[in-house]
Amino acid sequence: MKKEIYFDNAATTMPYREVIEEVKRAAEEYYNPSAIYDRAIEVSRKLESVRQLFLDSVSAESGTVLFTSGGTESINTALLNGAAGKKNIVSTDYEHSATIKALAQASSNGQEIHIVKATDRRIDTGRIVDAVNERTAMVSFMHVNNEIGDILDIYELGRSIRKKNPQTLIHVDAVQSYMKLGIDVEKAKIDLMSISGHKIHAIKGIGALYVRNPQKLKPLIFGGGQERGLRSGTENVVGIRALGKAIELGAMNFSKNAEKLKNLKAHFAARLSDISDHRINSAADGADHILNVSFLGVPSEILLHSLESEGIYVSSGSACSAGKKGSHVLEAVNLRKEERASALRFSFSALNELSEIDEAIAVLKRSVEEIRKFTKYRTGKNV
Ligand code: PLP
């Protein structure tokens with residue numbers, strides 16, 4: 001079988017080998033963590049050690065973490081019940097659909113939602129702060145945008161939002177940044193933070209929500225009272241242990257992985273010069289694991305499948321909204337129609353190699369040139 005080149009790590013990541021071993025061990029230790037005999041207490045103890053591992057990984061001095069089914073559930077819990085009963089949530093129009101849809105639900109529940117629009121290909125964080133007033137119960141923004149890789153300065157935002165309204169809660173969607181950028185929830189004054197296991201080489205179906213002040217949060221799921229009554233249901237022990245292993249390995253290799261991602265992106269961006277009429281839609285100072293590029297005159301889905309036929313996997317938009325028309329993020333950051341129609345997202349992980357980039361660029365160049373013959377694109381036409 002041909003070797004695959006997987007450049008869709010913002011959609012999901014391959015679990016670490018050690019994670020798969022941990023999954024097997026955890027599945028074999030099948031006792032219910034709520035039971036009171038020793039074997040079950042041991043399961044519960046291991047689960048609590050993952051909780052602490054997570055809190056340490058974001059330098060939390062107080063608060064707790066709820067284990068959830070993933071980024072989407074964490075975000076929904078934060079936005080729907082993190083500031084329950086209060087008015088006015090501020091967010092932006094280039095958030096993940098989990099945020100956009102949860103805010104739509106919050107709005108139909110009577111919350112007032114204020115959306116800050118991205119312009120000139122960026123979110124102006126000053127405008128997020130400007131939107132905060134004495135009635136703002138919560139501000140929610142992503143740390144790293146999943147489609148173009150923009151990084152928002154969580155520290156500056158935290159300081160400025162707190163200064164403007166010390167009561168405003170801050171929720172950060174850190175699904176794309178956790179384990180790639182350092183996060184200190186104390187310095188960034190974060191009250192709630194969502195992360196997802198499958199983006200950090202754990203497995204699907206596990207996520208977490210950091211909660212600074214559990215008294216302020218209302219549960220979204222009711223039942224047996226697990227997770228301090230804030231998220232009922234027998235814990236996903238296998239997922240939690242997988243998450244713990246991924247955090248342990250991610251934290252241990254943090255600098256090495258960050259350096260690798262930096263080199264991968266720089267090499268990819270440099271090698272793109274082999275291909276005419278492309279636009280890099282990601283900011284130069286964006287996250288190192290995401291590079292969004294338009295190849296003018298080349299419909300993105302045709303190019304995606306052409307690459308797929310050569311064993312190279314990329315994305316033409318957010319995986320969670322695959323199949324839907326267009327990308328609200330690329331629209332929000334004002335890309336031209338032809339740039340949006342030809343945009344592909346390449347996303348890397350520390351498990352990728354530089355040699356894969358050279359192989360992918362050679363295939364990419366060939367595919368782009370081939371497709372342009374069919375679309376009758378004249379090089380330089382839209383430059
Ligand atoms: N937020 C961002 C920025 C994401 O990239 C994603 C997934 O693509 C999510 C939230 C949703 O996470 P999950 O797939 O774990 O529900």
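Remember, it's 1-based here, ligands and their atoms both numbered in the order they're listed.
- Scanning for salt bridge (charged side-chain N to carboxylate O under 4.0 Å, His left out) contacts around K365 gives E369, with sequence neighbours left out.
- For an aromatic pair to be called close, the ring centres must be under 6.0 Å apart, and Y210 with Y178 fails this.
- If you number the atoms of ligand 1 from 1 as listed, the ones under 4.0 Å from a heavy atom of M142 come out as 3 (C).
- Comparing G207, G71, S315, A11 by heavy-atom distance to atom 13 (P) of ligand 1, the nearest is G71.
- Heavy atoms of I75 found under 4.0 angstrom from ligand 1 belong exclusively to the side chain.
- The D173 neighbourhood of ligand 1 comprises atoms 1 (N), 2 (C), 3 (C), 10 (C), with distances under 4.0 Å to a heavy atom of that residue.
- Distances shorter than 4.0 angstrom do not occur between any heavy atom of K204 and any atom of ligand 1.
- In E73, neither the side chain nor the backbone holds a heavy atom less than 4.0 Å from any atom of ligand 1.
- Only side-chain heavy atoms of H198 come within less than 4.0 Å of ligand 1; its backbone N, CA, C and O stay farther off.
- The aromatic rings of F295 and F346 sit perpendicular, their planes meeting at an angle over 60°, well past the 30° parallel limit.
- Applying the 4.0 Å criterion to heavy atoms of S196 picks out, from ligand 1, the atoms 13 (P), 15 (O).
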Apply side chain to side chain contact (heavy atoms under 4.5 Å, CB included) to the pair V50 and L47, showing each step before the final yes or no. CA-CA 5 Å; V50 176; L47 191 153; 5.9 Å; no

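- Listed by chain and number, the residues in a salt bridge (charged side-chain N to carboxylate O under 4.0 Å, His left out) with D130 amount to none (sequence neighbours excluded).
- You'll find the ring centres of Y313 and F7 outside the 6.0 Å limit.
- Residues H289 and F348 place their aromatic rings such that the two centres sit no closer than 6.0 Å.
- Residue contacts with ligand 1, taken as heavy atom pairs separated by less than 4.0 Å, involve T72 via backbone and side-chain atoms alike.
- Below 4.0 Å from some heavy atom of G70 lie the following atoms of ligand 1, by number and element: 15 (O).
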